[in-house]
Amino acid sequence: INSWGYGKENGPSVWHKDFPVAQGNRQSPIEIIPKQASYDPSLQAILLNYDHCSSINISNNGHSVVVDFDDSDDRSVIQGGPLDNPYRLKQFHFHWGGKGCHGSEHTVAGRSYASELHLVHWNAVKYQTFGEAAAAPDGLTVLAIFLETGDEHRWLHRITDTLYMVKFKGSATDFKSFNPKCLLPSTLQYWTYLGSLTTPPLHESVIWIVLKEPITVSERQLGKFRMLLATGEEEDQRMHMENNYRTPQPLKDREVRSSN
Ligand SMILES: CN[C@@H]1CN(c2cccc(OC)c2)S(=O)(=O)c2sc(S(N)(=O)=O)cc21
Ligand SMILES: [Zn+2]
């Protein structure tokens with residue numbers, strides 16, 4: 001069986017065959033139209049307590065490059081904003097484009113960014129396991145940060161310097177004591193809406209928090225992500241990992257709220 005991916009044969013346009021929820025009512029990503037977002041004064045500020053976070057490793061799963069965290073306690077959580085509980089940081093990963101073109105999943109008034117960082121958290125107050133939370137309507141919250149190209153990002157090198165060690169699908173290497181706070185923009189103004197995972201199984205279990213302010217990374221730094229391979233070391237047909245993004249899905253009967 002050829003598993004899902006971003007190619008012609010197994011990409012987003014055919015995911016619905018194995019994952020019918022792909023045509024559901026709260027799919028992600030979406031196009032965000034700022035003028036149509038409703039300002040909600042009751043939305044609190046986002047609170048990120050990542051100071052005691054413990055990253056474990058960095059790995060290439062063939063779809064993206066992922067940094068996993070120890071989520072056995074509440075040492076690194078996101079709370080506030082639209083959330084009723086603290087949500088535990090589980091992993092973060094990226095989506096990016098090909099040379100110089102788009103790559104983000106969410107778009108803002110028709111504009112896409114070069115890349116998008118997703119910090120995935122789960123509701124360990126209400127659910128016993130990540131898998132259970134990932135299938136529940138309020139189980140996950142993903143903090144999305146846009147990356148635009150410009151000057152070099154002063155801390156992203158800590159990730160891009162390790163990418164050569166996870167070149168092949170299925171490879172992983174230790175990646176300890178990385179605090180993702182260094183990847184945040186200077187302000188935490190956001191849009192929020194109810195959506196889904198943007199990859200199979202496409203569960204409609206995500207409270208999305210999309211930061212308005214992008215971070216800036218250099219073309220050179222982004223180029224290192226494109227050196228990653230979506231294929232394993234043993235495969236003779238090498239495929240670069242790029243354009244690993246799903247395009248915006250119908251908003252249907254949803255509203256996007258704005259924090260300011
Ligand atoms: C491959 N899919 C990613 C890995 N995940 C996964 C792995 C196993 C089971 C599962 O659901 C039961 C989900 S995940 O939940 O950490 C997420 S979140 C997400 S995104 N782009 O919407 O932020 C992509 C993935
Ligand atoms: Zn993602």
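Order of appearance sets the numbers: ligands from 1, and atoms from 1 within every ligand.
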Looking at atom 24 (C) of ligand 1, tell me if a protein heavy atom falls under 4.0 Å from it.
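Flag for atom 24 (C) of ligand 1 set to true, protein heavy atom closer than 4.0 Å.
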
Under 4.0 Å from atom 7 (C) of ligand 1, is there at least one protein heavy atom?
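There is no protein heavy atom less than 4.0 Å from atom 7 (C) of ligand 1.
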
Would you please determine whether [X] falls within less than 4.0 Å of ligand 1 on a heavy-atom basis?
X: K90; result: no
X: W208; result: yes
X: G131; result: no
X: P200; result: yes
X: H95; result: yes
X: Y245; result: no

Cation-pi check, R158 onto F175 ring (under 6.0 Å, within 45° of axis)
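So R158 does make the cation-pi contact.
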
Using a 4.0 Å heavy-atom cut-off, say whether F94 meets ligand 1 through its side chain, its backbone, both or neither.
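For F94, there is no contact with ligand 1 at all, from either part.
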
What part of T198, side chain from CB on, backbone N/CA/C/O, both or neither, has a heavy atom under 4.0 Å from ligand 1?
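Under 4.0 Å from ligand 1, T198 contributes backbone and side-chain atoms.
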
Nearest heavy-atom pair of Q91 and F69: which atoms, and what distance?
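Looking at all heavy atoms of both residues, the shortest contact is CA-CD1, 4.1 Å.
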
Minimal non-hydrogen separation, P180 against L119, with atom names:
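Heavy atoms only, the tightest pair is CB-CD2, 3.7 Å.
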
Any idea which atoms of ligand 1 are less than 4.0 Å away from a heavy-atom of V142?
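Counting atoms of ligand 1 from 1, those under 4.0 Å from V142 are 23 (O).
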
Could you tell me, atom by atom, which parts of ligand 1 come under 4.0 Å of a heavy atom of H118?
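Within the 4.0 Å cut-off of H118, ligand 1 contributes 20 (S), 21 (N), 23 (O).
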
Min side-chain heavy-atom separation [X]-[Y] under 4.5 Å:
X: P137; Y: R26; answer: yes
X: E204; Y: L194; answer: no
X: L222; Y: S115; answer: yes
X: E213; Y: Q189; answer: no

Within 6.0 Å of NZ in K252, more than 12 heavy atoms from elsewhere
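For K252, atom NZ is crowded (more than 12 foreign heavy atoms under 6.0 Å).
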
What residues, two or more places apart in sequence or in another chain, satisfy side-chain hydrogen bond (donor to acceptor under 3.5 Å, both in side chains) together with W122?
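Per chain and number, W122 pairs via side-chain hydrogen bond (donor to acceptor under 3.5 Å, both in side chains) with D71.
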
Is the shortest distance from a Lys or Arg side-chain nitrogen in R226 or E219 to a carboxylate oxygen in the other one below 4.0 Å?
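Looking at R226 and E219, the cut-off is met.
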
For the pair S64 (side chain) and F94 (backbone), establish whether a donor and an acceptor sit closer than 3.5 Å, ignoring hydrogens and angles.
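Such a contact is found between S64 side chain and F94 backbone.
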
Atoms of the protein (N/O/S only) found under 2.8 Å from the Zn ion (ligand 2):
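Near the Zn ion (ligand 2), below 2.8 Å, one finds H93 NE2, H95 NE2, H118 ND1.
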
